[in-house]
Amino acid sequence: MKKITSAVSFAVISAVILFAACKKNNNTVSITKAEAIIMPVGASGVTGKATFTEQNGEVSLHIEISNAAPGVHGMHLHGDGDCHTGDQGTVGGGHWNPTNSAHGKWGSAAFHRGDIGNITIDANGKGVLDFKTNLWSLTDDKNTEKYIINKAILCHANADDFTTQPTGAAGARLACGSIQK
């Protein structure tokens, strides 16, 4: 009986500690998720999925791309989340750039908020990219410099060179997905 009582006490204490750890300023920790199903643009055949998770003011992004040519491809957020309009050269609109900055590498002196960087695709046509930032939000729809819902994520044909204006010479748009909750 003593072992059972100790086990129950341990379980209750663990639950209280876990509950307390999940509290922040008397509010439960909020986790918000969004995703983009990445579909081919034109006849590229490139597909994928981008999963966004916001917790404690930071957004984590996990991208998986399939059916792309091996090598390095630029990944960007674009300002128009409608991936079904326009042709291969205009789908998704221009890079998302709410601060009107020059194109560049994330974290450098100047960069678009949509300048994610490059994804490396292996010999099987697959690639994964993980990214984290506090400059995006899935919840603060009043902050146009951070809110990324209804934007698009695009995979390009070439690597982003991080310098050529305004696109990093990333080339044709291969695949596009609209970011939705």
Side-chain angles (χ1 to χ4, degrees), residues 31-55 58-98 101-108 110-139 146-181:
I31 298 174
T32 303
K33 294 188 180 244
E35 70 177 19
I37 303 302
I38 302 170
M39 302 300 292
V41 173
S44 76
V46 176
T47 60
K49 182 177 179 181
T51 305
F52 300 82
T53 306
E54 182 174 357
Q55 183 175 1
E58 187 170 65
V59 175
S60 297
L61 167 60
H62 177 77
I63 305 169
E64 295 179 6
I65 296 291
S66 298
N67 306 317
V72 181
H73 297 264
M75 296 292 304
H76 300 109
L77 294 189
H78 285 241
D80 182 358
D82 185 354
C83 292
H84 303 291
T85 61
D87 61 20
Q88 193 166 6
T90 62
V91 69
H95 286 192
W96 181 54
N97 185 16
S101 299
H103 178 76
K105 186 174 186 176
W106 189 274
S108 64
F111 62 95
H112 298 160
R113 293 277 170 98
D115 289 341
I116 297 171
N118 292 314
I119 188 169
T120 301
I121 305 298
D122 66 19
N124 297 317
K126 297 181 184 287
V128 173
L129 177 67
D130 290 298
F131 185 85
K132 204 177 264 194
T133 181
N134 65 355
L135 295 178
W136 295 347
S137 176
L138 306 175
T139 57
K146 292 181 84 170
Y147 193 62
I148 62 170
I149 300 300
N150 296 321
K151 305 297 184 249
I153 186 164
L154 276 88
C155 180
H156 292 271
N158 303 322
D160 186 331
D161 68 10
F162 305 118
T163 55
T164 303
Q165 299 301 320
T167 64
R173 300 159 193 223
L174 299 179
C176 180
S178 180
I179 304 167
Q180 301 295 316
K181 284 188 193 179

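Note that the numbering runs from 1 along the sequence shown for the chain. Worth saying up front: this structure is predicted, and the values here are computed from it rather than measured.
- Taking 4.5 Å as the limit, every side-chain heavy atom of Leu174 sits out of range of all side-chain heavy atoms of Val41.
- In this structure the side chain of Ile38 reaches within 4.5 angstrom of the side chain of Ile65, judged on heavy atoms.
- Residues satisfying the side chain to side chain donor-acceptor pair (under 3.5 Å) test with Ser178, not counting sequence neighbours, are Gln180.
- Looking at Trp106 and Thr133, their side chains come closer than 4.5 Å, going by heavy atoms from C-beta outward.
- Contact of the Val72 side chain with the Ile121 side chain is not registered, since no non-hydrogen atoms from C-beta on lie closer than 4.5 Å.
- Legend: ring pair (Phe, Tyr, Trp, His ring centres under 6.0 Å) pairs involving residues 155-181, not counting sequence neighbours, sorted by first then second residue: His76-His156, His78-His156.
- Residues passing the side chain to side chain donor-acceptor pair (under 3.5 Å) test with Thr47 are Asn67, sequence neighbours excluded.
- Atoms CD1 and CG, on Ile148 and Leu61 in that order, are 7.5 Å from each other to the nearest 0.5 Å.
- Lys126 is linked by a salt bridge (Lys or Arg N to Asp or Glu O under 4.0 Å) to nothing, counting only residues two or more places apart in sequence or in another chain.
- Between the CG atom of Asp130 and the OG1 atom of Thr51 there is a distance of 10.0 Å, given to the nearest 0.5 Å.
- The distance from the CD1 atom of Ile179 to the NZ atom of Lys151 is 8.5 Å, given to the nearest 0.5 Å.
- Under the 30°/60° scheme for interplanar angles, the aromatic rings of His112 and His95 are found to stand perpendicular.
- Separation of atoms CZ (Arg113) and OG (Ser101) is listed at 7.5 Å; rounding is to 0.5 Å.
- Within the structure, salt bridge (charged side-chain N to carboxylate O under 4.0 Å, His left out) pairs that include any residue of residues 45-54 comprise Glu35-Lys49 (at least two apart or interchain).
- Taking both residues in full, the closest heavy atoms of Ile153 and Ala50 are given as CD1-CB, 4.0 Å, listed atom of the first, atom of the second, then distance.
- Among residues two or more places apart in sequence or in another chain, the side-chain contact (heavy atoms from CB on, under 4.5 Å) test is passed with Ala172 by Gln88, Ala157.
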Are Thr53 and Ile31 close enough, and set up right, to give a side chain to side chain contact (heavy atoms under 4.5 Å, CB included), and what steps lead you there? CA-CA 7 Å; Thr53 306; Ile31 298 174; 3.7 Å; yes

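- For Thr164, the side chain to side chain donor-acceptor pair (under 3.5 Å) partners at least two apart in sequence or on another chain are Asp161.
- Here Ala110 pairs with Ala102 under the side-chain contact (heavy atoms from CB on, under 4.5 Å) rule; sequence neighbours left out.
- Phe131 and Ile116 make their closest contact through CE1-O, 3.6 Å (heavy atoms, listed as atom of the first residue, atom of the second, distance).
- Residues passing the ring-ring contact (aromatic ring centres under 6.0 Å, His included) test with His73: none are found, sequence neighbours excluded.
- Taking the side-chain contact (heavy atoms from CB on, under 4.5 Å) definition, one finds that Asn134 meets it with nothing, sequence neighbours left out.
- Note: Asn97 CG to Asp115 CG = 7.5 Å, rounded to the nearest 0.5 Å.
- Within the 4.5 Å cutoff, the side chain of Lys146 has no heavy atoms near those of the Trp136 side chain.
- Per the SG-SG cut-off, Cys83 and Cys176 are bridged by a disulfide [distance under 2.5 Å].
- Of all the heavy atoms in Val91 and Arg173, the pair that sits closest is O-NH1, 2.6 Å.
- Listed here is the closest heavy atom pair of Gly171 and Asn158: CA-ND2, 3.5 Å.
- With sequence neighbours excluded, the residues forming a side chain to side chain donor-acceptor pair (under 3.5 Å) with Glu64 are His62, listed by chain and number.
- Atom CG of residue Leu129 and atom CD1 of residue Ile63 lie 4.5 Å apart, to the nearest 0.5 angstrom.
- Checked against side-chain contact (heavy atoms from CB on, under 4.5 Å), Tyr147 has the following partners two or more places apart in sequence or in another chain: Asp141, Ile149, Lys181.
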